[in-house]
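For reference, the structure is listed below as C-alpha cells.
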Amino acid sequence: MWLYFIILMFIVQVFSDGSSKVRVMTYNIRTASEWARLSGGDLRNMRTWDRRIKSVARTIMIAKPHVIGIQEGLGTQLDELENILSGEYK
C-alpha cells in the first residue's frame, strides 16, 4: 500500500501544474475478446470494440487525466487507444 502512495506522490511532483492536483482515472473499457464479441453479447447488442473505441478515446480526452488505470483492456485495445490519443498516454 505504501508503494502506491509513494508512486502517487511522485506523480504529484512530476505532473503538478502549480495546484498540486493530479487527475486519476480508472476506466473499464470492456475486453474485445472473441468471447465478449460472440458469447458476451457485444455483437448482438452492437457494442463491439470498433463501435466503442472512439467514445472511449473521447471520454479520456475530455477527462484529461494524468494517470489512467485501464481495466479489461487487451494489448491491441491499448495500442489502438494510444494511436488515437496521439501518444499522449503510454
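Source: prediction; values computed, not measured.
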Discussion item. I'd like to check the side chain to side chain donor-acceptor pair (under 3.5 Å) partners of Glu80; sequence neighbours left out, ordered by chain and number.
Written reply: Trp49

Worksheet item: Would you say Gln77's side chain and Ile53's backbone share a donor-acceptor pair under 3.5 angstrom?
Response: no

Worksheet entry | Under the side chain to side chain donor-acceptor pair (under 3.5 Å) test, residues paired with Ser33 that sit two or more places apart | none

Worksheet item: Nearest heavy-atom pair of Ile84 and Ala57: which atoms, and what distance?
Response: CG2-CB, 3.5 Å

Worksheet item: side chain to side chain donor-acceptor pair (under 3.5 Å) with Asp50: which residues, sequence neighbours excluded?
Response: Thr48

Worksheet item: With sequence neighbours excluded, what pairs up with Thr26 under the side chain to side chain donor-acceptor pair (under 3.5 Å) test?
Response: Gln71

Item to complete: Identify whether Ile70 and Leu74 are in the same connected component of the hydrophobic contact network (ILVMFWY, side-chain heavy atoms under 4.5 Å).
Response: no

Item to complete: Report yes if the side chains of Leu81 and Ile29 come closer than 4.5 Å at any heavy-atom pair, otherwise no.
Response: yes

Practice prompt. State the OG-CE distance between Ser86 and Met61, to the nearest 0.5 angstrom.
Written response: 7.5 Å

Worksheet item: Any chance CZ of Arg51 has more than 12 other-residue heavy atoms, nucleotides or ligands included, within less than 6.0 Å?
Response: no

Item to complete: Can you sort out the partners of Arg52 under salt bridge (charged side-chain N to carboxylate O under 4.0 Å, His left out), two or more places apart, ordered by chain and number?
Response: Asp42

Practice prompt. Quick one: which residue pairs count as a salt bridge (Lys or Arg N to Asp or Glu O under 4.0 Å) with a foot in residues 65-77, not counting sequence neighbours?
Written response: none

Fill in: Beyond-backbone contact of Thr59 with Met25, side-chain heavy atoms, under 4.5 angstrom
yes

